[in-house]
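A note on names: the letters A, B, ... follow the listed sequences, proteins ahead of strands, and every chain is numbered from 1.
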Amino acid sequence: MFEVEISRTRLNLSALNYRFAEGDESIGALVSFTGLVRGNGIAAIEVEHYPGMTETVLRKQLESAAKRWPITRGSIVHRIGYLPVSEPIVWVSVASAHRAAAFSACEFLMDFLKVDAPFWKKELDVDGVWNWVEARSQDQSRASRWMGRDAATLI
Amino acid sequence: MFEVEISRTRLNLSALNYRFAEGDESIGALVSFTGLVRGNGIAAIEVEHYPGMTETVLRKQLESAAKRWPITRGSIVHRIGYLPVSEPIVWVSVASAHRAAAFSACEFLMDFLKVDAPFWKKELDVDGVWNWVEARSQDQSRASRWMGRDAATLI
Amino acid sequence: MNILLFAQLRDYYGASSAEYSDDELPLTVEELRRSLASRGSDEFREALLAPNVFCAVNQKVVDLDHTVRVGDEVGFFPPMTGG
Amino acid sequence: MNILLFAQLRDYYGASSAEYSDDELPLTVEELRRSLASRGSDEFREALLAPNVFCAVNQKVVDLDHTVRVGDEVGFFPPMTGG
């Protein structure tokens, strides 16, 4: 069960978490990542994306994760639109029999989401000016860590 | 904010998740681990612990994590008592400004919880017999990975 | 053909897509990019010709020497900043 | 002194703690373990003398050569299996 959702409305983390683990007795480990809008001098952000391409890229990333690690479920839910500070932007969750696969797959998915999924953010600063967010080089290097590594060494 | 709780009653994951992220604008990343009772030929487990020592060990593990990574919050909630299949056993959550620290700290906490926190599990098999769970050598080696590694290389 | 523009590129261009004549195809992504850049403001040209701009053809990121043909969906965008 | 026993050790001993005379202290953990082992069933002795048994003194895991003194809280247990 691999799911991708682009949401215009506030992420209901409780509902997402609740639904995610149900009904599969082989699941022993859930790892969830939630990204929130940080309030470092900003009032809000706005997120846009490339409809169609985004969903394709995220679904492929889930497939890649499932090839590298024995994961049972994976879900990526990403907000678009206007988000005030502390609002959840993204929720990535992975279920597996054991924790090592779930941790690695969840971090892998976030690392690639950051650099390969067509989302763009702008920030509303305290003076009411919108500024596009620059891509961070650390994100690129975090994603590169996964290249050429043998999946087995990461479990 | 670092919290440890030993619970005799079912973990309310929704409430735990909801409460955890609130009220700190510097938090940009939450990583949560939930351990569930797997149904591989068993009907239930029973978890016991060493009251007092458990809380001390877990609190120290949170302090160690906070020394290695810039984490804002950390919470460990562990069930004891009788747990049927698919019931949550443990919930470990870490909040930080950025995701790398939150992922590493959460996995670190789980790795050490497995080998250093005085909990013991027995399993009720399908014939109605209770069997004590043997410690897994993989757990010991996963915890050892963190020894002697420079915190900086893990961020 | 409609060329899709996202984020800063759309803002600088002033529209979320740019019309492009099918008669000029096929072209490489780099040829298309240079041709499109000449149509906009200085800001737009600079942003589109930046070395870190991405091009997706049929919703897949491609290299600058990829050939764009009639019927392809083409999008240009700056580095992604999701999550 | 009351020596606390957990999991299999408690099951084999038949009680969650064992009385131990303060008069015999101080002793090393290893001396205490051997003395306690001689009091139980074969199963208990074997489990307590297993090389992977832990001893906590005042709720901290210690080595076998650690000295146990009057007033210490002592617990023996098998490898931990939480989470």
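Taking every heavy atom of both residues into account, E48(A) and R10(C) meet most closely at OE1-NH2, 2.6 Å. Residues H49(A) and F6(C) come closest through the heavy atom pair O-CE2, 3.7 Å. Contact between K60(A) and K60(C) at its shortest, heavy atoms only, is NZ-CE, 3.8 Å.
In this structure, no portion of V47(A) lies under 4.5 Å from any heavy atom of chain C.
In this structure, K121(A) contributes its side chain and G83(C) its backbone to a donor-acceptor pair below 3.5 Å.
Among W91(A), F33(A), W120(A), F119(A), the residue with the largest count of heavy-atom pairs under 4.5 Å with chain C is W120(A). Ranked by heavy-atom pairs shorter than 4.5 Å toward chain A, the options P79(C), A7(C), A56(C), G75(C) are led by A7(C).
In this structure, K122(A) and T81(C) have side chains that are not in contact, with every pair of non-hydrogen atoms separated by 4.5 Å or more.
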For residues 126-138 of chain A, which side-chain donor-acceptor pairs fall under 3.5 Å, sequence neighbours excluded?
from    : atom 1 : to      : atom 2 : distance (Å)
N131(A) : ND2    : D125(A) : OD2    : 3.3
W132(A) : NE1    : D11(C)  : OD2    : 2.8
R136(A) : NH2    : D139(A) : OD1    : 3.4

**Message:** Could you go through L113(A) and M80(C), starting from their C-alpha distance and side-chain angles, then the distance that decides it, and tell me whether this counts as side chain to side chain contact (heavy atoms under 4.5 Å, CB included)?
**Reply:** CA-CA 9 Å; L113(A) 184 151; M80(C) 293 153 268; over 6 Å; no
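Atom CD of E46(C) has 12 or fewer heavy atoms from other residues, nucleotides or ligands within 6.0 Å.
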